[in-house]
*Asks:* 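Take a look at the following structure, please.
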Protein chains: 2
Amino acid sequence: MEQPEEPRWLNSDEREAWLTLVGVMMKLPSALDAQLRRDAGLSHFEYMVLAGLSEAPDRTRRMSDLAGFTESGLPRLSQVVSRLEKRGWVRRSPDPTDGRITLAALTDDGWAKIVGTAPGHVQAVRTLVFDPLTKAQSRQLGSIGKRILSVLDPDDYCLRSADVEPGA
Amino acid sequence: MEQPEEPRWLNSDEREAWLTLVGVMMKLPSALDAQLRRDAGLSHFEYMVLAGLSEAPDRTRRMSDLAGFTESGLPRLSQVVSRLEKRGWVRRSPDPTDGRITLAALTDDGWAKIVGTAPGHVQAVRTLVFDPLTKAQSRQLGSIGKRILSVLDPDDYCLRSADVEPGA
DNA sequence: ACTATTTACTTCAACATTCAAGTACTTTCG
DNA sequence: CGAAAGTACTTGAATGTTGAAGTAAATAGT
């Protein structure tokens, strides 16, 4: 079941694009983490948790739902939410209608935290990602990302709108 | 020194592109790690170390040079190279001309390992990244990545050829 | 109604990564 | 020539993440 022909190596354009992409994947997360840690004392993962709650109705969400949103398993989420609870930004309570489910809710302090943190983070995303690109490139990035994500994980959260353009 | 106006929020195209990019950055590394671990018993980082040595003259490189290539600090590299040395794929020796420097060299077994592993990994990169894209998109991805990387780290390894196109 | 399986989450142990100190060597300067 | 400073790397402690077992509650079967 091996491919009988020699493998299709990357051509030089592809190879260059690949190495560049690896570089971006290595450095962009650290850069964003550093900004959040410096300006808000939050890891990127903690920020995602607070952001996920802030967008939800009643600022409340199930743990497993949050785990899906943040692309992480329940154990990791559980520990991080414990920390956020100790800091007073999140409160956990069992779902009255189903005792297995734990609901995580953003407190008022947590809401204030995310409201105070978001603008600086958005600015960082802008500076590092969109400002260096033309408008056309920003659109291309969206299309390219969706194409790749649809292979990586067709059920991903971001692809719910069924708009993976077939052309370019 | 705060921006007096309200922050420039991401517009809906940008927001969508951003969430997609986050998804790709979360999942692509794990997918590649999984392929290498399954097919070759290597982490992506270990693969990068072997690949970095395989491309070097005499298949030999300084530890600090390798650390730059793999975008990681010396402590991490030191431990990983220790493991690779125990498995017989790398050998370390002090530089005869400067006793502070440690040279890491790929053994024949290590060369055989990377030669046997590379085709499957390249195939995975192809399947996950380039096959879903048109040729035009592959080129766009290269340009976009270089633009972003040039802000993230202007001294990056990949940008040595001074070819960040100013147009699109 | 009572057990058995499934679901949702937490906790515990193994592992990897990061940061700070330590070691060995080289270069510089009095 | 000898002490001080700097460089390259390794080691060890603290932290965070992943995987496996454990708990608690709900559903399904008998």
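Numbered from 1 within each chain, the chains take letters A, B, ... in sequence-line order.
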*Asks:* Among D:dT10, D:dA20, C:dC9, find the nucleotide with the atom closest to the side chain of A:Thr102.
*Replies:*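 Nearest to the side-chain atoms of A:Thr102, counting from C-beta on, is C:dC9.
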*Asks:* Does a side-chain N-to-carboxylate-O contact under 4.0 Å join B:Glu16 and A:Lys146?
*Replies:*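 Salt bridge between B:Glu16 and A:Lys146, a charged N being under 4.0 Å from a carboxylate O: yes.
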*Asks:* Ignoring backbone atoms, test whether B:Arg92 places a side-chain nitrogen or oxygen under 4.0 Å from the OP1 or OP2 oxygen of D:dT10.
*Replies:*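 Answer yes for this pair, as a side-chain N or O of B:Arg92 is under 4.0 Å from OP1 or OP2.
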*Asks:* Starting from C1' on C:dT17, measure out to CZ on B:Phe45 and report it in whole angstrom.
*Replies:*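 To the nearest whole Å, that distance equals 10 Å.
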*Asks:* Rounded to whole angstrom units, what separation is found between the CD atom of B:Glu46 and the P atom of C:dC15?
*Replies:*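 Taking CD of B:Glu46 and P of C:dC15, I get 14 Å after rounding.
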*Asks:* Rounding to a whole Å, what distance do you find between B:Leu66:CG and D:dC9:P?
*Replies:*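 Roughly 10 Å, once rounded to whole Å.
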*Asks:* Can you check the A:His44 NE2 to D:dT17 P distance for me, whole Å?
*Replies:*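 From A:His44 NE2 to D:dT17 P: 13 Å.
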*Asks:* Please determine whether a side-chain nitrogen or oxygen atom of A:Ser64 lies at a distance below 4.0 Å from atom OP1 or OP2 of C:dC9.
*Replies:*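 Yes, A:Ser64 has a side-chain N/O under 4.0 Å of OP1/OP2 on C:dC9.
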*Asks:* Heavy atoms from C-beta onward define the side chain here; which of D:dT10, D:dT17, C:dA8 lies closest to that of A:Arg62?
*Replies:*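 Among D:dT10, D:dT17, C:dA8, the one nearest the side chain of A:Arg62 is C:dA8.
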*Asks:* Could you check how far CG of B:Leu74 sits from C1' of C:dA20, rounded to whole Å?
*Replies:*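 It works out to 14 Å between those atoms.
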*Asks:* Below 30° counts as parallel, above 60° as perpendicular, anything between as tilted: where do the rings of B:Phe130 and A:Trp18 land?
*Replies:*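 If you compare the ring of B:Phe130 with that of A:Trp18, the planes turn out perpendicular.
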*Asks:* Expressed as a whole number of angstroms, how long is the span from B:Leu103:CG to C:dC25:P?
*Replies:*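 After rounding, the reported distance stands at 15 Å.
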*Asks:* Any chance you could measure A:His121, atom NE2, to A:Ile114, atom CD1, to the nearest 0.5 Å?
*Replies:*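 Going from the NE2 atom of A:His121 to the CD1 atom of A:Ile114 covers 8.5 Å.
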*Asks:* Could you tell me the separation between the CD atom of A:Glu85 and the C1' atom of C:dT11, rounded to a whole number of Å?
*Replies:*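 Result: 15 Å.
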*Asks:* With a 4.0 Å cutoff (strictly under), does any side-chain N or O of A:Arg100 reach OP1 or OP2 of D:dT27?
*Replies:*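 Indeed not, no polar side-chain atom of A:Arg100 lies that close.
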*Asks:* For A:Asp95 and C:dT7, what is the distance between atoms CG and P respectively, to the nearest whole Å?
*Replies:*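 Interatomic distance, CG of A:Asp95 to P of C:dT7: 17 Å.
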*Asks:* Under 4.0 Å between a side-chain nitrogen and a carboxylate oxygen: does that hold for A:Glu46 and A:Arg87?
*Replies:*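 A salt bridge links A:Glu46 with A:Arg87.
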*Asks:* Distance alone, cut at 3.5 Å: any donor-acceptor contact between the side chains of A:Thr127 and A:Gln123?
*Replies:*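 Yes.
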*Asks:* Could you tell me whether the phosphate oxygens of D:dT10, OP1 or OP2, come under 4.0 Å of any side-chain nitrogen or oxygen in B:Ser82?
*Replies:*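 Checking B:Ser82 against D:dT10: no side-chain N or O falls below 4.0 Å of OP1 or OP2.
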*Asks:* Return the 5'-most residue of the pair B:Ile101, A:Val80 with respect to DNA chain D, ranking by each residue's nearest nucleotide.
*Replies:*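 Closer to the 5' end of DNA chain D: B:Ile101.
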*Asks:* Which nucleotide wins on minimum distance to the side chain of A:Arg76, given the candidates C:dT10, D:dT17, C:dT17?
*Replies:*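 Looking only at heavy atoms from C-beta outward on A:Arg76, the closest nucleotide is D:dT17.
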*Asks:* Relative to the 5' end of DNA chain C, which residue comes earlier, B:Pro75 or A:Leu77, by the nucleotide with the nearest heavy atom?
*Replies:*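 Nearest nucleotide further toward 5': that of A:Leu77.
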